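These figures come from a predicted structure and were not determined experimentally. In the text below, chain A, chain B and the rest are named by the order of the sequence lines, each starting its count at 1.
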Protein chains: 2
Amino acid sequence: MLSKKTKYGLKALTYLARAKGKEPVQIAEIAKHENISQKFLESILLTLRRNGFLGSKKGKGGGYYLIKDPADIPMTTVMRVLEGPIAMVPCVSLNFYEKCDDCPDEDTCSVHKLMLQIRDSALDVYRNNTLADIL
Amino acid sequence: MLSKKTKYGLKALTYLARAKGKEPVQIAEIAKHENISQKFLESILLTLRRNGFLGSKKGKGGGYYLIKDPADIPMTTVMRVLEGPIAMVPCVSLNFYEKCDDCPDEDTCSVHKLMLQIRDSALDVYRNNTLADIL
DNA sequence: TATTACCCTATAGTTTTAGTAGATTATCGA
DNA sequence: TCGATAATCTACTAAAACTATAGGGTAATA
């Protein structure tokens with residue numbers, strides 16, 4: 001399941017991408033248009049800013065705005081920040097690798113074998129989609 | 001994240017597939033070999049039996065065994081029973097479709113667009129892998 | 001001084017991952 | 001046939017983790 005955090009984050013990025021070039025957009029406006037709990041969205045936008053996707057401005061006329069061009073934001077990085085590892089099992093994760101404590105040998109593990117394919121297929125999609133592509 | 005339920009279920013199926021043609025295998029044996037909590041595994045095997053993957057025999061010499069040939073067990077059905085919908089969002093699910101209450105129009109939804117591709121790529125993998133393939 | 005992002009905390013709800021206790025059923029030996 | 005034993009089956013409970021959201025106050029800026 002995709003968490004609402006990721007869903008809302010993606011929607012917010014999309015919203016900001018469509019408002020590209022204009023003034024900063026306020027949290028309240030995004031929350032209203034996308035039917036998102038404002039407080040929840042607040043924390044999501046914060047993590048997006050901290051991870052280099054967004055810039056912000058305080059005070060009147062303030063808000064959030066995209067830092068980079070939508071075409072330069074691959075879904076891989078967005079998903080890793082919002083949803084976490086792309087792999088469904090740590091033992092097949094590129095960026096968050098961890099050995100399974102119950103599994104003695106990855107090479108003969110059926111779960112490993114299957115999840116490796118799932119990871120690759122997901123990576124393939126995320127790598128071939130930037131924010132601009134899903135607008 | 002893949003739930004432990006699914007992970008253990010897959011491992012159990014693998015174990016039983018390798019013991020194919022022999023006597024029923026006891027829960028305790030599988031649990032021991034795969035480092036799984038026996039009681040947890042018990043409930044997992046039960047749902048696998050109820051969904052037509054396994055047969056069981058009580059009493060001495062009893063246990064679980066595969067009903068079908070591993071080559072006739074596609075991962076799609078296994079994953080749906082153990083993990084639930086393959087889609088990460090209900091609005092792109094084939095078997096568990098549900099409309100998002102926050103999203104007014106699926107056709108213009110960026111999340112929908114992306115998750116549709118993810119679903120298809122995952123389906124592609126699961127459809128091309130039977131239990132026999134991941135042994 | 002009003003407006004807006006920022007930050008910290010708490011919490012209800014749900015899901016996951018089991019553990020406990022016992023009932024039920026089949027086999028086997030006496 | 002009877003009872004001991006071995007195994008699955010069932011239901012209830014519970015701890016832990018995670019999710020989604022709310023509240024209230026602080027800091028910066030026009």
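Taking atom OH on B:Tyr64 and atom P on C:dT25, their separation rounds to 14 Å, with Å as the unit. Atoms CG (A:Leu41) and C1' (D:dA22) sit 14 Å apart, rounded to a whole Å. Regarding A:Glu83, its CD atom lies at a distance of 13 Å from the P atom of D:dC18, rounded to whole Å. Separating the CD1 atom of A:Ile30 from the P atom of C:dT4 is a distance of 13 Å, rounded to the nearest angstrom. Whole-Å rounding puts the B:Ile27 CD1 to C:dA26 C1' distance at 15 Å. One interatomic measurement links the two molecules: CG of B:Leu46 to P of D:dA7, which rounds to 17 Å at whole-angstrom precision. Per the geometry, NZ belonging to B:Lys32 stands 17 Å off C1' belonging to D:dA7, to the nearest Å. Here the C1' atom of nucleotide C:dT3 and the CD atom of A:Gln38 are 12 Å apart, to the nearest Å.
Here B:Thr14 contributes atom OG1 and B:Ile134 contributes atom CD1; the two are 4.5 Å apart, rounded to the nearest 0.5 Å.
Salt bridge status for B:Glu42 with B:Lys39: present, with a side-chain N to carboxylate O gap under 4.0 Å. Between B:Asp133 and A:Lys113 there is no salt bridge, since no side-chain nitrogen of the basic residue lies less than 4.0 Å from a carboxylate oxygen of the acidic one.
Comparing atom distances between the B:Glu42 side chain and each of D:dT10, D:dA22, C:dG19 picks out D:dT10 as nearest. Residue A:Ser37 places its side chain closer to D:dA22 than to any other of C:dA5, D:dA22, C:dC7. The listed nucleotides are D:dT8, C:dA18, D:dT21; the one nearest the side chain of B:Lys58 is D:dT8. Of all nucleotides listed (C:dA18, D:dA30, D:dC9), D:dA30 comes nearest to the side chain of A:Lys57. The side chain of A:Arg50 approaches C:dC7 more closely than any other nucleotide in the set C:dA5, D:dA20, C:dC7. Closest to the B:Lys39 side chain, of the nucleotides D:dT10, C:dT17, D:dT21, is D:dT10. Checked against D:dT10, C:dA5, D:dT21, the side chain of A:Ser56 finds its nearest nucleotide in C:dA5. Of the candidates C:dA18, C:dC28, D:dT8, C:dC28 carries the atom nearest the B:Lys60 side chain, counting heavy atoms from C-beta on. Residue A:Phe40 has its side chain nearest to D:dA20 when only D:dT8, D:dA20, C:dT17 are considered.
Residue A:Leu45 is classed as having no contact, given no heavy-atom separation below 4.0 Å to the nucleic acid.
Where B:Gln26 and B:Ser43 each meet DNA chain D at their nearest nucleotide, the meeting point lying more 5' is that of B:Gln26.
Counting only N and O atoms by type, the side chains of A:Glu98 and A:Ser93 include no donor and acceptor under 3.5 Å apart.
The shortest non-hydrogen separation linking A:Ala17 to A:Leu66 is CA-CD1, 3.5 Å.
Close to C:dA18, at under 4.0 Å from its OP1 or OP2, lies a side-chain N or O of B:Tyr8.
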